[in-house]
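Just so it is clear: chains get the letters A, B, ... in the order the sequence lines come, proteins before strands, and each one is counted from 1.
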Amino acid sequence: MKRVEAIIKPFKLSDVKEKLIALGIHGMTVTEVKGFGRQKGHTELYRGTEYKIDFVPKIKLEVVVAQEMAERVIEAVISAAHTGQIGDGKIFVTPVEEVIRIRTKERGMEAI
Amino acid sequence: MKRVEAIIKPFKLSDVKEKLIALGIHGMTVTEVKGFGRQKGHTELYRGTEYKIDFVPKIKLEVVVAQEMAERVIEAVISAAHTGQIGDGKIFVTPVEEVIRIRTKERGMEAI
Amino acid sequence: MKRVEAIIKPFKLSDVKEKLIALGIHGMTVTEVKGFGRQKGHTELYRGTEYKIDFVPKIKLEVVVAQEMAERVIEAVISAAHTGQIGDGKIFVTPVEEVIRIRTKERGMEAI
Amino acid sequence: MKKKIVASLILASAIFVGVAFAGDAAAPAPKIDTGDTAWVLVSAALVLLMTPGLALFYGGMVRRKNVLGTMKQSFVAIPIVSIQWVLIGYSLAFGPDVGHFIGNLSWFGLNTVGLSPNADYAPTIPHQAFMIFQMMFAVITPAVVSGAFAERMKFTAFVAFLLLWTTLVYDPIAHWVWGTGGWIRALGGLDFAGGFVVEINSGVSALAAAIVIGRRRGWPHEPMMPHNLTLMLLGAGLLWFGWFGFNAGSAAASGTVATAAFVSTHIATAAAAMAWMIVEWWHRGKPTLLGAASGAVAGLVAITPAAGFVGPLPSLLLGGVAGLVCYAAVVLKNRLGYDDSLDAFGVHGIGGTWGAVATGIFASVAVNAGGANGLLYGNPNLALIQLGCVAATWAYSFFMTFTIMKVLDAVIGVRVDGDEEEQGLDLTQHGENAYTA
Amino acid sequence: MKKKIVASLILASAIFVGVAFAGDAAAPAPKIDTGDTAWVLVSAALVLLMTPGLALFYGGMVRRKNVLGTMKQSFVAIPIVSIQWVLIGYSLAFGPDVGHFIGNLSWFGLNTVGLSPNADYAPTIPHQAFMIFQMMFAVITPAVVSGAFAERMKFTAFVAFLLLWTTLVYDPIAHWVWGTGGWIRALGGLDFAGGFVVEINSGVSALAAAIVIGRRRGWPHEPMMPHNLTLMLLGAGLLWFGWFGFNAGSAAASGTVATAAFVSTHIATAAAAMAWMIVEWWHRGKPTLLGAASGAVAGLVAITPAAGFVGPLPSLLLGGVAGLVCYAAVVLKNRLGYDDSLDAFGVHGIGGTWGAVATGIFASVAVNAGGANGLLYGNPNLALIQLGCVAATWAYSFFMTFTIMKVLDAVIGVRVDGDEEEQGLDLTQHGENAYTA
Amino acid sequence: MKKKIVASLILASAIFVGVAFAGDAAAPAPKIDTGDTAWVLVSAALVLLMTPGLALFYGGMVRRKNVLGTMKQSFVAIPIVSIQWVLIGYSLAFGPDVGHFIGNLSWFGLNTVGLSPNADYAPTIPHQAFMIFQMMFAVITPAVVSGAFAERMKFTAFVAFLLLWTTLVYDPIAHWVWGTGGWIRALGGLDFAGGFVVEINSGVSALAAAIVIGRRRGWPHEPMMPHNLTLMLLGAGLLWFGWFGFNAGSAAASGTVATAAFVSTHIATAAAAMAWMIVEWWHRGKPTLLGAASGAVAGLVAITPAAGFVGPLPSLLLGGVAGLVCYAAVVLKNRLGYDDSLDAFGVHGIGGTWGAVATGIFASVAVNAGGANGLLYGNPNLALIQLGCVAATWAYSFFMTFTIMKVLDAVIGVRVDGDEEEQGLDLTQHGENAYTA
Ligand SMILES: Nc1ncnc2c1ncn2[C@@H]1O[C@H](COP(=O)(O)OP(=O)(O)O)[C@@H](O)[C@H]1O
Ligand SMILES: Nc1ncnc2c1ncn2[C@@H]1O[C@H](COP(=O)(O)OP(=O)(O)O)[C@@H](O)[C@H]1O
Ligand SMILES: Nc1ncnc2c1ncn2[C@@H]1O[C@H](COP(=O)(O)OP(=O)(O)O)[C@@H](O)[C@H]1O
């Protein structure tokens, strides 16, 4: 199984969610994070002084799926989260060795 | 080494923590996340209109442990976080290649 | 590719970020988390009663880098986040199988 | 369902129109003083503000998931109790006496409560100004009680409680103390601004209610820390501000008595905040902001019955003691094992009791010729009267509130179920979330 | 750029110094009543507080990224409209009449507006006290309008809107209704505290503005939930508190009329909060805190024109109906498809209209000899006058605001671009973030 | 430890009871005016509210970890300074003169400060009303100073500072300016509502304190952004509201002077908010909400000494300049390198100084016969007097505060240690967290 982890722009979350549901994904977990990258931050003013804020708000979305689904999830995320502008985000794929559903103690693919 | 990552119901955190401590676990990291899954969200009202909110608050708990401990951690989490209702959450197990304690530069099992 | 994940003290974030930039790192993702570990929590008062709070605020910093960079990133984090006091935090290294840049669909090293 | 509502609306309208206008006919009387009226109207506005202030004070102290539910228990007291007051409450509390116990219903719908002064209550301001000032007291009192069962009361049950409690507990006690013919007033018991009527009453009722509803899940081993102490401080600030209207407005006129009440209120509050802070610092090693604010509220509570009767230095002493006894009461709660979530009893019940007793000690006719001398000025009688009235108020409030809560529990249930408590009142009772991410 | 600013400052200073002192010369008149003056000054302060209160009320209802931008649209109305009022606004609204439509500019810079009373407007208080009380009304009215285009208006456009709207819409209508010679006043239309001038005017303008600026991106399918309902409640509490000054202060004196206005304000508000809560409970199954607070605001709005003219029970009815009709208006909005973000039209436009009509029904000379009897007291004429004036105000407000918004859109654009809307007003318009992590 | 506390409490009680009642004996005097008294009591309540307002204003501007510590530095000034004022402060400031420098201690414990008017200070209201109004000024002044050392002062040191500073700095300067016999009053220096006593004094003391305590760790390279600007705005709103009591209440009566002070206060504040916003817009490209609010505070500060002496248009000018000079001061701070965390000096020191000078320019006996004409009305003398008094106040405040801070640093240390600063004042000084997750 794989964990597909996408760092995306916050306002894209609901589009991405819809795409994944359409794909038959039943679960995902979302975290508010702050990203640093090529997308520049912004300046904020405080009593006449400017401060450079490097981190920008991002959403981290994690979906654990069967190996064979991973690529389709990636496609779906790209298609929904893409704007073409710097800062659209990244997708990281990592291995998952075991999944357990707490409610039923099911393991593996059944648990997703 | 393994990372055992559990997505649980927020009010179960303190029970899970107690169980893990009882197991001899010395460290863990906790994040507030929002989950989407079989557990339905809820509706919220705003001036006479109903809105469907899909994401529910969850806690993500991460523990990095020696391979041989992983199964016992899983058991402990299940026993403490289980209510039998939809939305109890998942456990994901992933491989960890290296652990370093920043304070001492110790590596591997010593660092946990 | 590797994900280097560091749990550090919040006030060390800007030092760590500077060191990583100096190393040529272009991106990272940061999450506010709460840690439980050897560093004791603190007590809080509420109308004459003391409560023990176990979790302390930490920052989780994630950087995905090429295998060969991982060790230098570890060094950099240690040097910037080290105070010598309990609670300095941990670094976990985990494997990453694929990286995709959403904006360009580049994959692998190019995408970082 | 719809039809029934429409029908009741029409009926209600008819009633309104029928009785609507008697009270309006009263021509402005010549004796109205503009300064006195200005002061009482401002005071009424200040007391109104205390209820949202209390909502913030309480709301800041509960957990995030219950903040709206907690605030709503205060806020909703404004419309519900205000309407009750217009229809029957004012008549029950201040209307023509029935057996020294309650007013009759002849002032139903503010019938005859017009714009000329009522000499019994406030000879220099329109009767309606007095009525609306008193309304604000009726509003905030059950809101104070709600601190006892915060985080677990069903909203339907709360609405029922509000109506029953105001009618059966608040209105009679207000009549005893302030109504012409009320037995405490006749006996010479002193309560300048509501030590019996508002503070002891709400505090002791809180105790009864907390006992009936039972502890919150997880209390006391699970820490239930205040979710936002800046709201709490804001609430405390608004309460302090509003309490000047509460106490000094109770003179029902501008001038020396109002000034004396204003001054004693502020001094006692300062002393109590100080005392709480010092005792907590000594007891726990750190002086908290919540402690200073709680001490201030304890002082405001305790000076309430005494406000227009005592001088500055006795106020200092009265307030200092209030800070200490309320701190002790709040700490002891954990030992006694009842879960009065926001310490309505520890602060209002104990603080109010001390204040009522202290009025019997420190009152002085030199401050207010309309009052009486207390123990310190050679009149032990007043202290005894105060003690007796305290006992009666305790007994009545406790018994009645206990009964009301028990009856409600039997009939509709006072408590949300376990899942709802876990999820929080905001979502389950009101379909709202206080904060979005 | 710098040079130009310096130059204008010098010029401005010269003008100030030149005209500065005529108004100061007026010696204190003997007729000033201290109680009346105290009441009007307090009321002015209360009304000032309503604008930050509105900022909090509105700010709590928008999304996190727009909270400062939303608050600023209210807050900035204070300085901008206040200065406009000193320079020309007060003269346009209350100065010597020109054709029953507007005041002339002879009171420019408060020329002749001194410290002795102006018998036309308020014979027992300094003229400047009346002027500053009225200023606060001019300030809050466009702030109310801003709820319509919250979360998407360009700040430069808002500043321009503020100045144009105040001058071309607010000042004339204020003159019609309250200025000596104004046509509504002459006709006998009754507006105690701004039902036409403030409520209908702001609400109908809000509708026009919402239509011109268009919907927010994602509305209505994307939920745009309030980001902090504790701010909303605090704002509602401050509005209720301040509205006592707004309505009862409009008596321009302390005494019976102020008392009647105070009482009717509170009762109507309670009834409206109650009605909204009940109808929402019945319609959606849960009574929300936002609903109770919105109902309260609807009641405050609706009683505004009627406040000093109606008795307690009619106020109860008036308020109850206000809660129902405003609830309906707000729910209907989604069907009609315009995006009045914070329901300025639904609450102020509809509530104000109902209030103005209800004044024609329930007004009674028994409450206020300076008023008139309404339909219920056998005078259908007043109701007709009120209806006519409502129509005129609707037409003028809608047409003028629509035009102003269209012109501004053509000249500078009223709306931020899509990226800015996505990122939020706080960062893009003001370079600030409301909250740090 | 316990025994000592009990012993002191008993001792203290004895003292209280001993001296308690002299002041109460005064019978109500016939000259008391209800309108004037209402106005001064309301004003006292408004000024009290300013201190929680300041707590919110300051608390919103610091980082999350220090919000309670910052709020507590304001809030705790209420109890501590109030008690000091009752015991000795009022006597030192307003009691019988000693060498034009300070009052003597004969009004210790408010001895002889009763309910009949004191003709020297306020002939138409109870003496205690004047006393309590003035108390609120003594409370807020050191709270303003606390902005300078926010986020790093030890709480024990702050408590000591509060007592020393109030006694050694505030009370004498209040006596100079307002006490009968005070040298500035005797000289003819004008300070309507505290430009010297409150604003220059707190601002210059803030500068001295900031210099002694040193910069926050990480300042200025690490951004220390305000953690919650909605709190800041709320605080600013409450300050503006309360300041009407502060300035217009300083007339110590209702009527024309109060009205003039109210009007000038509002106009200057509007102008300053506007000016700050414009200059920031021009300088940095965006107009911030914090800027508008800071400008408003600068205007409130600057008009304080002038309020009851100047007309509307001069107020407009005075306020506009205040916005500009305070903006410049705040921006320059970063160059000068001292860390006055919340700009107490930049806003209060500079704004107060400009206001005191401007009073010497714009004051007019046409506004207030009890004042004097300024430069603009042909009396250069007043401007010179004002300048001299400004210099004296600067020198005294700076020197005394510098010394107090240095002594405290030597004796108990004024600053928390590095780890505590990192962890924040809330947890380390008060054992509390403002917000739970
Ligand atoms: N090497 C990395 N490791 C972890 N997160 C990264 C890394 N590079 C980028 N990110 C995350 O992806 C986000 C977008 O990256 P950025 O460089 O701004 O734009 P783009 O995705 O268009 O290349 C960043 O804000 C950060 O959260
Ligand atoms: N495939 C998945 N990937 C990541 N997180 C998931 C996945 N499925 C479920 N989750 C997380 O687990 C939580 C519980 O899942 P849910 O389907 O609601 O109930 P259950 O755990 O009883 O099957 C979700 O809220 C979500 O946070
Ligand atoms: N086994 C673990 N799994 C996950 N996180 C851990 C683990 N051990 C420690 N941590 C994280 O590292 C932080 C620091 O650990 P701690 O034991 O307090 O000090 P130190 O890093 O000096 O050993 C903890 O607060 C927690 O967030």
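- Counting all heavy atoms, side chain and backbone alike, F/Tyr327 lies closest to A/Gly48 at OH-CA, 3.3 Å.
- Separation of atoms CZ (F/Arg284) and CZ (A/Arg47) is listed at 15.0 Å; rounding is to 0.5 Å.
- For the atom pair OH (A/Tyr51) and CD (F/Glu222), the distance works out to 10.5 Å, reported to the nearest 0.5 Å.
- Within the 4.5 angstrom heavy-atom criterion, atoms from both the backbone and the side chain of F/Met61 approach chain A.
- Close approach to chain A, defined as a heavy atom under 4.5 Å from one of its heavy atoms, is seen in F/Leu342, F/Asp343 of residues 342-356 of chain F, taken by number.
- Against chain F, the residues from residues 33-46 of chain A that qualify, each with a non-hydrogen atom under 4.5 angstrom away, are A/Glu44, A/Leu45, A/Tyr46 in number order.
- Counting heavy atoms of neighbouring residues, nucleotides and ligands inside a 6.0 Å radius, atom CD of A/Glu18 exceeds 12 of them.
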